[in-house]
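Structure record follows, encoded as structure tokens.
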Amino acid sequence: MKESKSGNPKSSLKQLQNNENASPFTYSKLLDPEADWDKDQLGDVLHWIRQVVGLFCGLFCGAVPLVGGIWVLAFLALSSGIIYGYYSLILKVDEEDFGGHGALLQEGLFASLTLFLLCWILAYSLAHF
Amino acid sequence: MATMFSSSKYSDSLTVVGVSLCSAVICEAISWILIYRTSSYKSLRSSIDKASRKLEYMKTTTDSLKLTTKKSKTKKMDRVETSLKESSRDLFFFKFKSGAVVAVVLIVVFGLLNSLFEGKPVAKLPFTPIWIVKSMSHRGLQGTDFTDCSMAFLYFLCSISIRTNLQKFLGFAPPRGSANPGLFPMPDQKTNGQEVGVVRSSLDALVKGGRQILVIARNMLEVVDLNKTRGVRALHQLDIGKEQMSFTGKFCF
């Protein structure tokens, strides 16, 4: 269970001070629930995770092939679920310190959707025609 | 594998992706030369980052303060927010001027691709697009098979995905703290009664002025109509006078 830091101004202040002095990015931070995250660092990590998910899902859907607009909605749900699970369960960050669930879930959303569509269309067109 | 892709019916899609990738790299290079390496951009960006962090810090610490200290803190926050918006606007205009060059490059590339692939489907969509997307995805294509993909839609997808990620990778993405004010920034939606009153009275003045203009315009049209009628009558009387003169002339001579 993550520690509930929201609603406590002192802990939010501390988090902001931590953001100022956040440790530089290392790959070991990606799976460390105790790591201090800067808002920009966390946003960038979530962005790139979405892009990787979009790339692999697009290639997979095109290769099988999966046909129909429903898979766009499935991708959106899957990628959002992965992002939510990552920052909530693995990193255990308090979303209030980073602008709320909306701010974290929308990082890289549109770019990943276009990347998913691009990979899906290319894989489907080149592999099956 | 390369021969397999080149022999595919839709191998032109790879050409579109390749051209899009090259144009994205060229555009970012142009942006770096004109925008990102300049000291003005770097100073604007750092001031936006500092102001947004300061604002977040002040917002968090305001809640726990006494009422009198809170008021002065709120004023300071307003000042920081105003300076953040001004910096964001300056950044927007700075990038806008140099962005015109990038826009020309993109238009030329799009025109080139359009001339190469107009009327020809470059890919097959694995879904039937919704009506909003259909006009772009089936642009310039014949027939009613809406799963045929035109160059425009594929180029659009390439542009968004490749350029966004390239900017992110190179560190040229816009700072998160800047609120893009656009060309016409909206006024702050504050709950201060005085400011709301000033806005309301300005709107009332505008509406009154507009009504007065309409009344004046109507009066002017009436005058024009009246003069028109008078003019017509004057012409008619002139005609009558002419007839009389010609009759008198005939009678005399």
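A note on names: the letters A, B, ... follow the listed sequences, proteins ahead of strands, and every chain is numbered from 1.
- Heavy-atom distances place the side chain of B/T164, and not its backbone, under 4.5 Å from chain A.
- Counting heavy atoms of neighbouring residues, nucleotides and ligands inside a 6.0 Å radius, atom CZ of B/F146 exceeds 12 of them.
- Atoms OG and CG, from A/S125 and B/D148 in turn, are 9.5 Å apart once rounded to the nearest 0.5 Å.
- Atoms CG and CG, on A/L122 and B/L14 in that order, are 6.5 Å from each other to the nearest 0.5 Å.
- Side-chain contact between B/K9 and A/L126 is absent, with no heavy-atom pair separated by less than 4.5 Å.
- Interface remark: A/Y124 contributes side-chain atoms only to the contact with chain B (heavy atom separation under 4.5 Å).
- Contacts of B/F169 with chain A are made by both backbone and side-chain atoms, with heavy-atom separations under 4.5 Å.
- Within the 4.5 angstrom heavy-atom criterion, no atom of B/V122 approaches chain A.
- Most heavy-atom pairs under 4.5 Å with chain A, from the set B/P126, B/P129, B/S13: that is B/P126.
- More than 12 non-hydrogen atoms from other residues, nucleotides or ligands lie less than 6.0 angstrom from CZ of B/F172.
- Within the 4.5 angstrom heavy-atom criterion, only side-chain atoms of A/W48, from C-beta onward, approach chain B.
- The NZ atom of B/K124 sits 13.5 Å away from atom NE2 of A/H128, with the distance rounded to the nearest 0.5 Å.
- Looking at A/I70, neither its backbone nor its side chain comes within 4.5 Å of chain B, counting heavy atoms on both sides.
- Residues A/F110 and B/I160 form a side-chain contact, since some pair of their non-hydrogen atoms from C-beta on lies under 4.5 Å apart.
- Atom OG of residue B/S161 and atom CG of residue A/L55 lie 10.0 Å apart, to the nearest 0.5 angstrom.
- Only one option out of A/L115, A/L113, A/I121 pairs with B/L157 in a side-chain contact (heavy atoms from CB on, under 4.5 Å); it is A/I121.
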